Amino acid sequence: MSAIGADQMLPVPRDRRRHRDKARVAVVCCLSLLTVGTMAPFVAMVVVALSPAGEPTIPTAWPSRLTLDNVTRAFRMSGMIRWALNSAIVSLVTVVLSLVTSSMAAYAFAKHKFPGRDAIFWAIVATLMIPFQATMIPLFILANDLGWIDSYAGLIVPMIANTNAVFLLRQFIREIPHELFEAAKVDGAGELRMFVLVVVPQLKSIGATLAVFLFLWNWNDFLWPLVIAQSDSMKTLTVGLSTLAGKSPLLPELMGTALVGVIPCLIVFAFLQRYLVESISTTGLR
Amino acid sequence: MSLPVRERLASGSGGHEVQRTRRRPVLPRIVSFVIFLAPTLLLFAVFRFLPIVGTAGMSLTDYKITGAWKFTGVANYERLVHDPVFHRSLLISLVYVGLYVPMTLVVALATALLLDRVAFWRGFFRGALFLPYVTSFIFAGIIWSAILGVDGLVNSALGRLHLSAIPFLESTVLVLPSLAMVSCWKGFGYSMLILLAGIKSVPNEVKEAALIDGAGGWQRLRWVILPMLRPTVFFVLVIETIAGFQVFDIIYMMTGGGPVRASYTLVYALYDKGFRSFDFGYASSIGVVIFGIVLVVSLLQRRFVGRREEDG
């Protein structure tokens, strides 16, 4: 961006400009190569998934015809729909509960003074330094004691607490002008009304961004569902597909299942790419 | 969203009127506080703090799956010190991090610098390069197993060219580079975006000044952009190092820790001891080691970034 801006501003000698043009072509070529490399596995997945099972396909031969058989068979395969449904339920419920609880706490942290507020807030932020895997065994025992093994509660409740959500929402609510709250207070609004009428409407964009990230995290999550979901009917899509891959069916069938798992991510990406990219660039959300 | 409150505020009237119609809040302030904070505090206390204390505590016991346990002091840690399997897993994690982090940093930095130089099609390139980041390691693992496996796409192509197959996932030498490469493919988009934002934040005046001074592309990169990018690069290094030490999904999916434990990392050891052997006490002590490593790396960043801010 800046280099181009500078080009337009400065009189550049001709040989220099030619050099610059060459450099630009080189940049585009490099990027194109990298992009091809990054996309190749997806393309391979799609082509193999659409190839008839048992027939030669890439890289030895181009498939004789393209078919959706593998994808439909993936859906008919034991549990596939159930797993996808479980993933959807777990992801969506977790996202909603995370957003509701985090924004409520964030409001208290951002706009109220109470003893120990900052200490509690930074203690929550400090949990970012606790790797989930290191807490997994006590969590599993806890879930067991609560009777949550192999249940939605076990899959969902431990995942609701989300440091990123609390932190970002608190930063955001702090920016809401004080006058809005004063006006509502004069109006006689209690905390609950204030939260619903003043805070929530301001959180639309950050809430949407967080929702996308939380959805992807939960949809793609693996280790916790792996230890919690014991019966086939409680598996999420990632856990289900990992067991399926262990039985190693034919390559086209396997790619068909992978395609089913990747498609929701691709849809989210297609519609919200700009959103995702911008929020990573500005907040470092991971 | 237009708020009634905001409208009233803007109109500037209403102060008295509102005072008259003032109602008592349904709940006293302090009660609503508790309601606002309670769910989050409870969730964090029970599902974040309690478990990490639990891991530390359990690492001092011989906790069994039955729930029976007795205090064994540092016996688990003594076992760690003498356990060759643990030593190997620590070494394998270090090698993996040593492969994955530089690879990811180089690819992310290169793509970020290239993206900074294109105007046309930048959105397309950025999106395409970032795409793998939104998929799961499980789906990525299925795809890459099909590509790198013995009967995979790469080896079929090699076979067609009458070349011998490359055992990407079956060779103890190649397995870690292969896994690091797949993780890099899946993960570099995030670091690329962070670095791109860092490059963007280098003031244009600085870049232009370098241009006027006659600095070529390479000189500008070496003496202007990279020095100003140092804090961002360090952040990326820390984030990716932590991610590297936490690697699990892709290994579970592609190698199962093999061949002959050649990709048996720390987290894989924790999972294996905890959820296959149900040796909860011993697995907890591995958890404490993982926690310690992540904590040290995180604190290192805080210290470094803090010092830089003081300098500036």
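Every chain is numbered from 1 and lettered A, B, ... according to where its sequence line falls, protein lines coming before strand lines. Here the structure is a predicted model, which means the values were calculated and not measured.
With ring centers used as reference points, B:Phe275 lies under 6.0 Å from A:Phe140. Between B:Phe137 and A:Phe222, the distance from one ring center to the other does not fall under 6.0 angstrom.
Comparing B:Ala157, B:Gly141, B:Gly149 by heavy-atom pairs within less than 4.5 Å of chain A, the highest count is held by B:Ala157. When each of B:Leu266, B:Asp249, B:Ile242 is checked for heavy-atom pairs under 4.5 Å with chain A, B:Asp249 comes out on top. For chain A, the option among B:Tyr252, B:Phe124, B:Trp121 with the highest count of heavy-atom pairs below 4.5 Å is B:Tyr252. Contact count against chain A (heavy-atom pairs under 4.5 Å) is highest for B:Phe36 among B:Phe188, B:Phe36, B:Phe125. With chain A as the partner, the residue from B:Leu50, B:Ile290, B:Thr135 showing the most heavy-atom pairs under 4.5 Å is B:Thr135. Per-residue counts of heavy-atom pairs under 4.5 Å with chain A were compared for B:Gly54, B:Pro132, B:Gly152; the largest is that of B:Pro132.
For B:Gln246 (side chain) and A:Pro131 (main-chain N/O), no donor-acceptor pair under 3.5 Å exists by modelled atom type. A donor-acceptor pair under 3.5 Å is absent between the side-chain atoms of B:Arg48 and the main chain of A:Thr135, judged by distance alone. B:Thr55 contributes a side-chain N or O that, together with a main-chain N or O of A:Ala134, makes up a donor-acceptor pair within less than 3.5 Å.
Interface remark: B:Leu43 contributes backbone and side-chain atoms alike to the contact with chain A (heavy atom separation under 4.5 Å). In this structure, no portion of B:Phe235 lies under 4.5 Å from any heavy atom of chain A. At a 4.5 Å heavy-atom cutoff, A:Thr282 makes no contact with chain B through either its backbone or its side chain. Contact of B:Leu41 with chain A is made through the side chain alone, with heavy-atom distances under 4.5 Å. With a threshold of 4.5 angstrom between heavy atoms, A:Ala49 does not approach chain B through any atom at all. Residue A:Val100: no heavy atom, backbone or side chain, is found under 4.5 Å from chain B. At a 4.5 Å heavy-atom cutoff, the contact between A:Ile120 and chain B is made by side-chain atoms alone. For a residue to count as touching a neighbouring chain, one of its non-hydrogen atoms must lie under 4.5 Å from one of that chain's; by this rule A:Ile141 touches chain B with the side chain only. For chain B, the nearby parts of A:Ile130 are the backbone and the side chain; heavy atoms of each come within less than 4.5 Å. In this structure, chain A has no heavy atom under 4.5 Å from any part of B:Val297. Neither the backbone nor the side chain of B:Phe245 has a heavy atom closer than 4.5 Å to any heavy atom of chain A. Of the atoms belonging to A:Val166, it is side-chain heavy atoms, and not backbone ones, that fall under 4.5 Å from chain B. Interface remark: A:Gln273 contributes side-chain atoms only to the contact with chain B (heavy atom separation under 4.5 Å).
Side chains of B:Leu129 and A:Thr35 form a contact here, defined as non-hydrogen atoms less than 4.5 Å apart. A 4.5 Å side-chain heavy-atom check between B:Tyr133 and A:Leu276 finds every atom pair outside the cut-off. Contact annotation: the side chain of A:Val262 never approaches that of B:Val134 to less than 4.5 Å [non-hydrogen atoms, C-beta and beyond]. Looking at heavy atoms from C-beta onward, A:Thr38 lies out of side-chain contact with B:Leu131 at the 4.5 angstrom threshold.
B:Trp185 is linked by a ring-ring contact (aromatic ring centres under 6.0 Å, His included) to A:Phe42, B:Trp144, counting only residues two or more places apart in sequence or in another chain.
Counting all heavy atoms, side chain and backbone alike, A:Pro41 lies closest to B:Ile143 at O-CG2, 3.5 Å. Closest heavy-atom contact between A:Phe114 and B:Leu37: CZ-CD1, 3.4 Å.
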